[in-house]
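Here's the structure we're looking at; comments come further down.
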Amino acid sequence: MKIFYSPYKLKPLQSLNSVAMAAERDGALLKVEWPDGCVGYSDLHPWPELGDASLETQLSDLRRGRMSNQVEQSIWFSRRDAQARKNKIHLFDSGEKIKNNFLLSDFRQIKPGFLDELKKEGFSTLKMKVGRNLREEAEMLTHIAAVGLKIRLDFNAVGSWSIFERFMNALPLTVRPLIEYVEDPFPYDPKAWVEARKLAKVALDNQYHKVQWDQLNVAPFDVLVIKPAKMDVDKAIAHCEKWKLKAAVTSYMDHPVGVTHALAVAMELKKKHGDMILEAGCLTHRLYQMDSFAAELSTQGPFLLKVKGLGIGFDKLLEALPWHQLKTQ
């Protein structure tokens with residue numbers, strides 16, 4: 001197996017969440033050639049702010065034959081892409097059409113009429129990053145609820161149980177029934193999360209690695225956010241089945257290649273597992289300045305359309321990139 005990489009930078013339009021500023025983000029596209037002649041592409045986009053090793057560290061480890069969870073998933077993605085290209089199919093053709101939530105990383109960018117327009121376009125769910133200004137964020141939630149959109153809140157495990165409790169109890173009664181779930185309300189604590197569930201359904205996301213699954217008696221959360229970019233999808237789905245959890249598949253706020261791979265997984269899971277799979281969260285390409293890859297992505301309201309080509313698409317763009325072979329040491 002030969003691995004090649006092509007570095008890139010993504011330029012955020014604004015601050016992406018409570019733990020990341022609006023600085024350029026580094027990642028690399030991977031091209032993997034297998035002995036059977038198959039060639040596939042994927043993305044590697046670390047978030048050191050969320051505990052990932054840096055891109056440089058992960059590539060350096062790979063040269064030494066050591067793979068992070070992210071690299072393992074990237075190679076898995078590449079194999080899926082390669083097999084689809086060999087079979088002359090698009091990965092979207094294997095799944096069921098699935099809606100995406102609209103991601104609001106900074107509510108201050110909202111203009112009058114924006115929320116009404118979202119609903120007209122067909123969006124039914126809005127995900128909001130919170131934790132920077134809770135008072136103003138709570139006020140914005142009343143406007144979202146007035147439009148009738150379901151709400152997903154993401155605290156990124158910032159804050160504490162007491163802050164979360166005060167925030168939730170201060171919300172108007174019109175808002176709370178529309179909250180579908182709250183992601184990582186504060187750092188994972190099984191007992192405290194059980195209490196948090198009394199205020200809203202709780203979703204497990206970047207605290208996934210802290211859960212001792214084999215020691216659980218009751219899952220202290222209701223939804224598992226599956227990020228295929230760094231999580232073994234089969235194991236995650238097995239957890240959902242065992243603990244009667246819902247699942248929401250999201251991209252990793254990464255390159256359009258990573259976005260497309262994540263949605264392909266979401267579509268396949270939706271086809272196989274039906275109502276267990278909630279709306280996806282894979283429209284994150286809009287968080288960055290447009291590049292040649294993002295320009296290939298087309299949406300129809302909450303749906304991301306198939307990119308022209310085989311596998312995950314982008315055929316001509318991927319072929320034209322400068323590729324560097326990752327030589328093992």
Whether [X] and [Y] hold their rings parallel, tilted or perpendicular, with breakpoints at 30° and 60°:
X: Tyr5; Y: His324; answer: tilted
X: Phe102; Y: Phe123; answer: perpendicular
X: Trp161; Y: Phe164; answer: tilted

pair [X]-[Y]: side-chain heavy atoms closer than 4.5 Å:
X: Leu103; Y: Leu283; result: no
X: Leu278; Y: Arg152; result: yes
X: Phe167; Y: Leu153; result: yes
X: Asp116; Y: Val147; result: yes
X: Val202; Y: Pro185; result: yes
X: Glu117; Y: Lys120; result: yes

Identify whether the distance between the nearest side-chain nitrogen and carboxylate oxygen of [X] and [Y] falls below 4.0 Å.
X: Lys246; Y: Asp222; value: no
X: Glu49; Y: Arg25; value: yes
X: Lys198; Y: Glu195; value: yes
X: Lys127; Y: Glu183; value: yes

_Neighbour count above 12 (heavy atom, 6.0 Å) for Glu72 CD_ =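 More than 12 within 6.0 Å, yes.
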So, [X] side chain and [Y] main chain: donor-acceptor pair closer than 3.5 Å or not?
X: Asp184; Y: Phe155; answer: no
X: Trp243; Y: Trp213; answer: no
X: Glu296; Y: Lys308; answer: no
X: Tyr188; Y: Ala157; answer: no
X: Asp43; Y: Val257; answer: no
X: Asn87; Y: Ile89; answer: no
X: Glu24; Y: Lys9; answer: no
X: Glu279; Y: Lys99; answer: no
X: Gln58; Y: Ala53; answer: yes
X: Lys270; Y: Ile277; answer: yes

_Can you tell me which residue among Val265, Asn101, Leu263 is in a side chain to side chain contact (heavy atoms under 4.5 Å, CB included) with Cys282?_
Leu263
Let me confirm one number: the [atom1]-[atom2] distance from [X] to [Y], rounded to the nearest 0.5 Å.
X: Asp154; Y: Asp205; atom1: CG; atom2: CG; result: 6.0 Å
X: Ile144; Y: Leu126; atom1: CD1; atom2: CG; result: 4.5 Å
X: Lys327; Y: Phe4; atom1: NZ; atom2: CZ; result: 9.5 Å

*Kindly determine whether Trp193 and Leu204 satisfy side-chain contact (heavy atoms from CB on, under 4.5 Å), including the steps that lead there.*
CA-CA 10 Å; Trp193 277 34; Leu204 176 75; 3.8 Å; yes
Test of understanding: clusters of I, L, V, M, F, W, Y form through side-chain heavy atoms closer than 4.5 Å, transitively. Do [X] and [Y] belong to the same one?
X: Tyr181; Y: Ile226; result: no
X: Met276; Y: Val223; result: no
X: Leu118; Y: Met140; result: yes
X: Leu134; Y: Phe186; result: yes
X: Val259; Y: Met267; result: yes

*Please walk me through it: do Trp323 and Tyr41 pass ring pair (Phe, Tyr, Trp, His ring centres under 6.0 Å)?*
CA-CA 11 Å; Trp323 292 102; Tyr41 301 89; 5.7 Å; yes
*Can you sort out the partners of Asn133 under side chain to side chain contact (heavy atoms under 4.5 Å, CB included), two or more places apart, ordered by chain and number?*
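Only Arg135, Glu136 meet the side chain to side chain contact (heavy atoms under 4.5 Å, CB included) criterion with Asn133.
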*Going by atom types only, do Tyr8 and His45 share a side-chain donor-acceptor pair under 3.5 Å?*
yes
Under 3.5 Å, side-chain donor or acceptor atoms of residues 28-36 against the rest of the protein: list the pairs with distances, not counting sequence neighbours.
from  : atom 1 : to    : atom 2 : distance (Å)
Asp36 : OD1    : Cys38 : N      : 3.0
Asp36 : OD2    : Arg79 : NH1    : 3.3
Asp36 : OD2    : Arg79 : NH2    : 2.8

*Honestly, is Arg80 close enough over Trp76, meaning NZ or CZ under 6.0 Å from the six-membered ring centre and within 45° of the axis?*
yes
*Can you list the steps and then say if Arg85 with Asp315 is a side-chain contact (heavy atoms from CB on, under 4.5 Å)?*
CA-CA 10 Å; Arg85 291 178 186 277; Asp315 298 4; 2.8 Å; yes
*Before giving the answer on side-chain contact (heavy atoms from CB on, under 4.5 Å), spell out for Val307 and Leu297 the whole-Å C-alpha distance, their side-chain angles and the decisive distance to 0.1 Å.*
CA-CA 6 Å; Val307 178; Leu297 296 179; 3.5 Å; yes
*Given side-chain contact (heavy atoms from CB on, under 4.5 Å), test Leu326 with Arg63 step by step and report yes or no.*
CA-CA 6 Å; Leu326 193 79; Arg63 289 187 181 95; 3.6 Å; yes
*Can you list every side chain to side chain donor-acceptor pair (under 3.5 Å) pair that touches residues 163-173, not counting sequence neighbours?*
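Side chain to side chain donor-acceptor pair (under 3.5 Å) check on residues 163-173 returns no pairs.
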